[in-house]
A.B. asks: 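This is the structure I want to talk about, given as structure tokens.
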Amino acid sequence: MSLLKESILKLLKNSRPGYLSGEEICRSLNVTRTAVWKHIQTLREEGYVIDARPRAGYRLTGIPDRLYPAEILEGLATRTLGREIDYYEKVGSTNEAARERAANGAAEGLLVVAEEQTGGKGRLGRQWYSPRSRGIIFTLLLYPPVNPSRVSQVTMLTAVALASAIRSETGVGAGIKWPNDLLVDGRKVCGILAELSAEVDRIGCLVVGIGINANQDFGDFPEDIRDKATSLKLETGATVSRVRLLQVSLESFEHWYGLWLEQGFEPVRAAWKQMSVTLDCPVRIHTLDQAWDGWAEDVDSDGALLLRLPDGSLQRFVSGEVSLRII
Ligand code: ATP
């Protein structure tokens, strides 16, 4: 958003619910009436509802349901996360866009957000579906100063941060399915994909992609996932403020990320276990070439799942290439 347009929007917001005269806008921003008119038109095209009345001026009466940076930044209580935002109406993949920005030197905390993602991915190259402006699709760019072996811990801290944000903002009791999904009554409401570009023993950059099903209706999901997906709107019966939930998610992530950097994995692991819906359950794990049935007993200090097998032995699974089902 251009600076001038942003300033006009701010003035209109501050004068709500009243009118603000064109003359006053011109005076405070030192611009011409034509410039103000042009930017008001652009704001309207972006979905802002602005009423114009002769002699009274302009009045803002509606804000679009868009994840515009100006909306996200208003009232965002983070220090570094989401302070710089790339916004796309449509993008192939927010993770990919964030990686490209990293290659050009973007700083930690960059938020890439999109209304629509055409090539969204889950783990193992699976697709992530999200119809335009229904979900919240975003990626965070991080440079954690730790060994690449700790990346799966970031997936887990993301799950904790997002489950907490969803719980506090919507009251929906999202639980964590190992390693990277949030479920409500067995249906997926949020997916997480952390991807690393690593050097030998140092993390280059880490992109954490998150897709929250916010306002999808049943028919918005492709038929093949209708029985395994849900949205917060479907769960609560109310439309979710995507901007607000994104803000709370960023604040929650910053909290958990900071705690992890300061105190290590233990506090994350403890919270993860509390919110898990796959621990203490019988599960089936598919690796590339085998299926394992057992009891999901614990996660270890690397975030690996410890499965108690029928013969009493303990088998350890790292999250890379395995799928888990509750049986
Ligand atoms: P598994 O269930 O085998 O462990 P996963 O849950 O880890 O796999 P991901 O790779 O995280 O799967 O996510 C991709 C899968 O999620 C897709 O194969 C599809 O079934 C499902 N999916 C895609 N889009 C959505 C969505 N918007 N909401 C819920 N589920 C989705």
Side-chain angles (χ1 to χ4, degrees), residues 67 90-96 113-139 151-152 154-156 158-159 162-163 166 170 172 174-196 207-235 240 242 245-246 249 272 276-279 281-294 296 299 303-305 307 317-327:
L67 300 169
K90 192 191 248 192
V91 72
S93 138
T94 53
N95 272 14
E96 191 49 46
V113 64
E115 299 294 345
E116 188 179 353
Q117 195 177 226
T118 52
K121 289 267 170 0
R123 295 182 316 134
L124 313 173
R126 293 176 185 136
Q127 232 180 318
W128 183 261
Y129 305 98
S130 186
R132 184 177 180 69
S133 299
R134 296 298 175 102
I136 309 174
I137 302 289
F138 63 108
T139 291
V151 166
S152 59
V154 178
T155 298
M156 295 174 87
T158 308
L162 268 291
I166 288 173
T170 67
V172 171
I176 307 172
K177 175 187 167 224
W178 184 87
N180 66 328
D181 294 325
L182 300 189
L183 306 184
V184 182
D185 291 334
R187 290 166 183 259
K188 203 185 296 190
V189 75
C190 172
I192 296 161
L193 183 66
E195 293 180 295
L196 176 70
V207 293
V208 184
I210 297 159
I212 305 176
N213 295 336
N215 291 327
Q216 282 95 335
D217 292 315
F218 190 64
D220 287 328
F221 293 111
E223 249 170 63
D224 58 319
I225 62 165
R226 277 184 200 162
D227 60 339
K228 357 184 234 187
T230 188
S231 74
L232 296 169
K233 183 182 171 194
L234 285 170
E235 294 301 320
V240 171
R242 294 187 306 140
L245 182 55
L246 178 53
S249 300
W272 190 97
S276 156
V277 289
T278 39
L279 285 188
C281 289
V283 299
R284 176 167 301 155
I285 294 218
H286 285 274
T287 56
L288 281 179
D289 51 7
Q290 212 177 330
W292 306 74
D293 286 353
V299 283
L305 184 75
L307 189 70
F317 294 90
V318 290
S319 65
E321 305 246 297
V322 305
S323 288
L324 176 150
R325 297 270 171 278
I326 299 168
I327 50 179

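Start at 1 with the first residue, then count along the sequence. Start at 1 and go down the list; that is how both ligands and their atoms are numbered.
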A.B. asks: Measuring from non-hydrogen atoms of Lys228 to any atom of ligand 1, is the shortest distance under 4.0 Å?
C.D. replies: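 Heavy atoms of Lys228 do come under 4.0 Å of ligand 1.
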A.B. asks: Looking at Val189 and Ala174, what are the two nearest heavy atoms and their distance?
C.D. replies: CG1-CB, 4.4 Å
A.B. asks: For Arg284, which residues count as a side-chain contact (heavy atoms from CB on, under 4.5 Å) partner, sequence neighbours excluded?
C.D. replies: His286, Ala291, Asp293, Ile327
A.B. asks: Please identify each residue that fulfils ring pair (Phe, Tyr, Trp, His ring centres under 6.0 Å) with Tyr129, with sequence neighbours left out.
C.D. replies: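 Tyr129 satisfies ring pair (Phe, Tyr, Trp, His ring centres under 6.0 Å) with no residue once adjacent residues are dropped.
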A.B. asks: Any N or O on Ser130 sitting closer than 3.5 Å to an N or O of ligand 1?
C.D. replies: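 No; every N/O pair is 3.5 Å or more apart.
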A.B. asks: Answer yes or no for Gln216: is there a heavy-atom contact with ligand 1 below 4.0 Å?
C.D. replies: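 Contact absent.
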A.B. asks: Which atoms of ligand 1 are found less than 4.0 Å from any heavy atom of Lys177?
C.D. replies: 1 (P), 2 (O), 4 (O), 6 (O)
A.B. asks: Identify, by atom number and element, the atoms of ligand 1 in contact range of Leu324, meaning under 4.0 Å from any of its heavy atoms.
C.D. replies: 4 (O)
A.B. asks: Given Thr230, which of Lys188, Glu235, Gln216 fulfils the side-chain hydrogen bond (donor to acceptor under 3.5 Å, both in side chains) condition?
C.D. replies: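 Testing Thr230 for a side-chain hydrogen bond (donor to acceptor under 3.5 Å, both in side chains) against Lys188, Glu235, Gln216 leaves exactly one candidate, Glu235.
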A.B. asks: Considering only heavy atoms from C-beta outward, does the side chain of Thr139 approach that of Glu96 to under 4.5 Å?
C.D. replies: no
A.B. asks: What are the atoms of ligand 1, with element, lying closer than 4.0 Å to any heavy atom of Ala229?
C.D. replies: 28 (N), 29 (C)
A.B. asks: Can you sort out which atoms of ligand 1 are near Asn213, meaning under 4.0 Å from one of its heavy atoms?
C.D. replies: 26 (C), 27 (N), 28 (N), 29 (C)
A.B. asks: So which of Leu245, Asn215, Ile136, Asn213 actually passes side chain to side chain contact (heavy atoms under 4.5 Å, CB included) with Leu232?
C.D. replies: Leu245
A.B. asks: Using a strict 4.0 Å cut-off to heavy atoms of Ser323, name the atoms of ligand 1 that fall inside it.
C.D. replies: 1 (P), 3 (O), 4 (O)
A.B. asks: Within ligand 1, which atoms have a heavy atom of Gln127 less than 4.0 Å away?
C.D. replies: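 Answer for ligand 1: 14 (C), 17 (C), 23 (C).
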A.B. asks: Taking heavy atoms and a distance under 4.0 Å, where does Arg126 meet ligand 1: side chain, backbone, both or neither?
C.D. replies: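 Near ligand 1, Arg126 shows its side chain, while the N, CA, C and O stay back.
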A.B. asks: With heavy atoms under 4.0 Å as the rule, classify the contact between Arg187 and ligand 1 as side chain, backbone, both or neither.
C.D. replies: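 None of Arg187 does.
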A.B. asks: Quick one: does ligand 1 sit under 4.0 Å from the side chain of Leu193, the backbone, both or neither, non-hydrogen atoms only?
C.D. replies: neither
A.B. asks: Please evaluate residues Val184 and Ile166 with respect to the criterion side-chain contact (heavy atoms from CB on, under 4.5 Å), reporting the C-alpha separation (whole Å), side-chain torsions for both, the decisive distance (0.1 Å), and the verdict.
C.D. replies: CA-CA 11 Å; Val184 182; Ile166 288 173; over 6 Å; no
A.B. asks: For atom 5 (P) of ligand 1, tell me which residue out of Asp181, Val189, Ile137 has the closest non-hydrogen atom.
C.D. replies: Asp181
A.B. asks: What's the shortest heavy-atom distance between Ala296 and Thr278, and which atoms?
C.D. replies: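 Taking every non-hydrogen atom into account, CB-O, 3.0 Å.
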A.B. asks: Is the Trp178 to Phe317 ring centre distance short of 6.0 Å?
C.D. replies: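 No, they do not, as the ring centres are separated by 6.0 Å or more.
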